[in-house]
Q: 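Below are the structure tokens for one structure; questions will follow.
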Amino acid sequence: MAIPHLKITETMRNKCIIDAKKNVIDFFEIDMNLWGDEPLYFVGQYGQLNMDDVLIKFYKTARGDKRMSIPKLRKVAEVGDYVWFTVAEDGDTIYYTIHI
């Protein structure tokens, strides 16, 4: 089974706008049948970097295209880098670790 990942492009890095690939949507356990027009947010952290938490946002465009946004991506990733996610728990809190 492949690890859900994204290869960073110039647009992704500069605008923080990313096409939400099916394997990433599945990893975040987003039910496509229940996903309405409202954005969905997940708490994320950048691996071992000492940065504040970020809200990973999944949303749909007016055309219905599925997108995601990862704040502060420009500060930690370069074009061509791969980004993948893992799940972590801290008590009752679930968050996603963003690896570069």
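Just so you know, these numbers come straight off a predicted model, no measurement behind them.
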Q: Output the rest of the hydrophobic cluster of Y95: all Ile, Leu, Val, Met, Phe, Trp and Tyr residues reachable through side-chain heavy-atom contacts under 4.5 Å, sorted by chain and number.
A: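 Taking Ile, Leu, Val, Met, Phe, Trp and Tyr as members, Y95 shares its hydrophobic cluster with Y41, V43, L55.
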
Q: Once you round to the nearest 0.5 Å, how far does CD of Q45 lie from CG of D53?
A: 4.5 Å

Q: Mind checking side chain to side chain contact (heavy atoms under 4.5 Å, CB included) for D26 and listing every partner two or more places apart, or none if nothing turns up?
A: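 If we apply the side chain to side chain contact (heavy atoms under 4.5 Å, CB included) test to D26, skipping adjacent residues, the hits are K22.
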
Q: Is there a side chain to side chain contact (heavy atoms under 4.5 Å, CB included) between I98 and V54 once you walk through the steps?
A: CA-CA 10 Å; I98 304 164; V54 295; 3.9 Å; yes

Q: Please report the closest heavy-atom contact between W84 and P4, naming both atoms and the distance.
A: CB-O, 3.4 Å

Q: Which residues pass the side-chain hydrogen bond (donor to acceptor under 3.5 Å, both in side chains) test with T86, not counting sequence neighbours?
A: H99

Q: With ring-ring contact (aromatic ring centres under 6.0 Å, His included) as the criterion, how do Y96 and F42 come out once you've worked through the C-alpha distance, each side chain's angles and the decisive distance to 0.1 Å?
A: CA-CA 7 Å; Y96 294 84; F42 298 87; 5.6 Å; yes

Q: Pair F85, V87 - check side chain to side chain contact (heavy atoms under 4.5 Å, CB included), show working.
A: CA-CA 7 Å; F85 308 91; V87 179; over 6 Å; no

Q: Taking transitive links into account, so neighbours of neighbours count too, which hydrophobic residues share a cluster with Y59 at under 4.5 Å side-chain distance?
A: I17

Q: Mind checking side-chain hydrogen bond (donor to acceptor under 3.5 Å, both in side chains) for N14 and listing every partner two or more places apart, or none if nothing turns up?
A: E10

Q: Under the criterion side chain to side chain contact (heavy atoms under 4.5 Å, CB included), I'd like the reasoning laid out for L40 against F28: C-alpha separation, chi angles, the key distance, then a yes or no.
A: CA-CA 10 Å; L40 304 172; F28 279 84; over 6 Å; no

Q: Could you tell me whether K15 atom NZ has more than 12 heavy atoms of other residues or ligands within 6.0 Å of it?
A: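 12 or below, so no.
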
Q: Look up atom CD1 in I18 and atom NZ in K57, then write down how far apart they are to the nearest 0.5 Å.
A: 12.5 Å

Q: My understanding is that only residues two or more places apart in sequence, or in another chain, count here; which of them pass side chain to side chain contact (heavy atoms under 4.5 Å, CB included) with E89?
A: I94

Q: Report the residues that fulfil side chain to side chain contact (heavy atoms under 4.5 Å, CB included) with Y82, sequence neighbours left out, ordered by chain and then residue number.
A: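 Partners of Y82 by the side chain to side chain contact (heavy atoms under 4.5 Å, CB included) criterion, ordered by chain and then number, come out as H5, K7.
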
Q: Going by salt bridge (charged side-chain N to carboxylate O under 4.0 Å, His left out), name the pairs with one or both residues in residues 69-78, residues two or more places apart or in two chains.
A: R13-E78

Q: Enumerate, atom names and distances included, each donor-acceptor pair closer than 3.5 Å involving a side-chain atom of residues 60-71, sequence neighbours excluded.
A:
residue	atom	partner	partner atom	Å
K60	NZ	W35	O	3.1
T61	OG1	R63	N	3.4
T61	OG1	G64	N	3.4
T61	OG1	D65	N	3.0
R63	NE	D65	OD2	3.1
R63	NH2	D65	OD2	2.5
R67	NH1	D19	OD1	2.4
S69	OG	C16	O	3.2

Q: With sequence neighbours left out, what residues match D31 under side chain to side chain contact (heavy atoms under 4.5 Å, CB included)?
A: N33, L34

Q: State, yes or no, whether a side-chain contact exists between F27 and I3 at a heavy-atom distance under 4.5 Å.
A: no

Q: Could you check whether any side-chain N or O of Y46 sits under 3.5 Å from a backbone N or O of L73, counting only pairs where one atom can act as donor and the other as acceptor?
A: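 Yes, because the side chain of Y46 sits within donor-acceptor range (under 3.5 Å) of the backbone of L73.
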
